[in-house]
Structure formats: structure tokens, C-alpha cells
Amino acid sequence: MAKDGRTLITLGFVAIAILFLIYARLGNSEITPAALSSIERLGVAFYGMMILALGAIAYGFYQYHKYKVGKNQDDPFSIIAQVTWNSKSRRIFAATSIGYGVFFALTSGILVYQPDVTFSYHYNVQIPSAQIAPCCGEIGYVPKVLIYLTDHVGMQIIPINLILQIAVSYLVGLNAAIAVNAFSILRKGAGMGSVAAATGLFVACPTCAGTFISLFVSASSALAFTIAITQLQTIFIAISIPLLVVTPIIMAKKIRSSGWSCKIN
């Protein structure tokens, strides 16, 4: 196994892709009442293997981060690793990732709060309880996990949404950690103007974009806009991922050009 973690990262992503393809084929096949329990067990195995794959990816990124710090080079990825390899950056990363993850869960429907609906009465379920909805849907959207925490609070976990939440939360946390250090390093030189700051807000919180834009929409158009923005929310998030990847690289190049990389030791 390579010490830089890239093997684990690659295997994790390949495993998730294979899981999606296999379950899409089996989960959308004709299901009889006799086969339902088998499909449910397959759904449990799917999430167990996906958690293992995500764990492999997470440990791979940790290994890669540590490897880049040890190499002490001046490429953008090494600078990102060196700048964020301290306790302050870790606290910022953890707080931002968790905070954004909770916010993402609320806005994307993963965490559900329905004060007007009593789950035990309307859905005839026990509180608390969890169940798998193994069939049927598009690739990445099955199997679903439905969790009833209280009579009004629950969770609906969809594989693609879970992966998207983890990926975006990680990237937001990384951006926040390097941004704090970059502002400290570059505060005397190349300043970032208000336009860059506004762009950074949209990158760091893609789910906030619709809320911000809605402030400029008249009340008479509010309902139509709300429906439209819900459909565009996924597009905002999809666009934000490349930006969240590119932004740390740009900041790392700024840091390198400032001469900071010559003063690492």
C-alpha cells in the first residue's frame, strides 16, 4: 500500500462506483414478497460497504496530507498541507465542516422536521426506529434509509446525498482552514476585495445562494421563485464543488508567490 494514501482514495471511489452500479441493477429488478427480505439485507450490506469505502477515502486523505507535509515541497498541494497542519486549522476545519454539514442536512432534506405530522400516527411506525426502503429508483438514489427519531424529527438518507454532503462539508472545512491562514499570511500584501469576499461566501455556502438571491425577489413572485430555486439548488452545489477544489489551489499559489514557502522552517 502506498504511503501517500492515493491507493486507498482510488480504491474507495472505485468501490463506491461499483456498489452503485451493482445495487442499481439488483435493486430495480422485479421484487416479489418472498425476495423483499433479501433485498433489505442487500441494502444493509450496501451501506456497510459504503461506510467502509468512505472510511478508506478519509484515511487515504489523511495519509496524503501527512505525506505532503513530510515532503516539504513548494507545489500547491504541499503548501495547502503545510498551512493547515496545525491545531488551529484542525479546530477551524472541524467546526466549519460539522456546522455546514448540519446546515446542509437541513436544507437538502436529509434532516426532516415536520411539526404538523405525527410519524407514529400517520406512518404507523415505532418511535424511535429505522427502516430501509430498498426499491426502486435511479442510480445513487436507492436504497434509502428512513430514521424516525421522534414523532416530528426524522432523517431520510439517500446515498448520493450522503456522499455529496460529506464531500462538500469536507471541502468547505478545508477552504475555511486555509482561508484563515491565507488572510493572516497575505494581509500585508495582495488584499482580497469585496468582490472576492462575496465570491468566497457563495463558494463556502452554496446552499445560501438561493436565500441571498430571494431577498431581491418581490413578494408576488416569491412562491414561483421558491419552487424554481429548489430545483436549482443541486446545480448551485454541483457548480460549487469545482470552485471549492480550485480555490485552495489559487490561495496556495498566492501564498507561494508571497515568499512564505521559503520560511516554513
Side-chain angles (χ1 to χ4, degrees), residues 20 23-24 27-28 31 33 36-37 39-44 46-48 50-51 54 94-170 172-173 201-202 204-241:
F20 277 14
Y23 196 90
N28 286 328
I31 297 179
L36 183 60
S37 60
I39 297 296
E40 288 177 347
R41 287 195 296 270
L42 179 63
V44 173
F46 172 92
Y47 275 99
M50 189 174 74
I51 290 171
L54 290 172
T96 308
S97 297
I98 294 172
Y100 185 83
V102 173
F103 178 76
F104 187 102
L106 287 169
T107 57
S108 64
I110 294 176
L111 186 61
V112 180
Y113 173 61
Q114 295 183 334
D116 298 329
V117 177
T118 303
F119 294 151
S120 59
Y121 174 76
H122 289 92
Y123 300 144
N124 193 27
V125 295
Q126 292 183 348
I127 303 297
S129 65
Q131 62 185 43
I132 287 185
C135 177
C136 296
E138 299 294 328
I139 182 171
Y141 289 87
V142 286
K144 297 178 183 178
V145 176
L146 305 175
I147 302 174
Y148 303 96
L149 301 173
T150 71
D151 267 327
H152 305 291
V153 178
M155 297 180 69
Q156 178 181 244
I157 300 175
I158 298 173
I160 192 67
N161 281 358
L162 178 62
I163 292 173
L164 189 62
Q165 177 181 8
I166 293 172
V168 174
S169 298
Y170 171 84
V172 168
L201 173 63
F202 279 87
C205 187
T207 55
C208 300
T211 304
F212 181 80
I213 296 171
S214 66
L215 297 175
F216 301 97
V217 180
S218 64
S220 59
S221 305
L223 179 59
F225 179 79
T226 300
I227 296 173
I229 207 65
T230 300
Q231 297 172 347
L232 293 173
Q233 191 84 300
T234 302
I235 297 176
F236 285 147
I237 296 171
I239 292 173
S240 75
I241 290 178

What do the steps show when you test Asn161 against Ile157 for side-chain contact (heavy atoms from CB on, under 4.5 Å), and what is the final call?
CA-CA 7 Å; Asn161 281 358; Ile157 300 175; over 6 Å; no
Carefully, step by step, assess Phe104 and Val172 under the rule side-chain contact (heavy atoms from CB on, under 4.5 Å).
CA-CA 11 Å; Phe104 187 102; Val172 168; over 6 Å; no
Would you please test Gln131 and Val125 for side-chain contact (heavy atoms from CB on, under 4.5 Å) and show each step?
CA-CA 10 Å; Gln131 62 185 43; Val125 295; 4.2 Å; yes
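Side-chain contact, Ser120 with Asp151: a donor N or O sits under 3.5 Å from an acceptor N or O.
For Phe46 against Val142, the heavy-atom pair with the smallest separation is CZ-O, 4.4 Å. Of all non-hydrogen atoms in Leu149 and Ile127, the two that sit nearest each other are O-CG2, 3.6 Å. Closest approach of Gly101 to Ser169, counting heavy atoms only: CA-OG, 3.3 Å. In this structure, Ile147 and Ala130 approach most closely via the heavy-atom pair CG1-CB, 4.0 Å.
At a threshold of 4.5 Å between non-hydrogen side-chain atoms, the residues Phe103 and Leu111 do not count as touching. Within the 4.5 Å cutoff, the side chain of Ile110 has heavy atoms near those of the Gln165 side chain. At least one side-chain heavy atom of Gln114 sits under 4.5 Å from a side-chain heavy atom of Phe119. Between Val153 and Tyr148, the closest side-chain pair of non-hydrogen atoms is not below 4.5 Å. Between Tyr23 and Pro159, the closest side-chain pair of non-hydrogen atoms is not below 4.5 Å. Looking at heavy atoms from C-beta onward, Ile132 lies out of side-chain contact with Lys144 at the 4.5 angstrom threshold.
How far OG1 of Thr150 is from OH of Tyr113: 8.5 Å, rounded to the nearest 0.5 Å.
At distances below 3.5 Å, not a single donor-acceptor pair connects side-chain atoms of His152 with backbone N or O atoms of Asp116. Tyr100 places no side-chain N or O within donor-acceptor distance of the main-chain N or O of Tyr170, the cut-off being under 3.5 Å.
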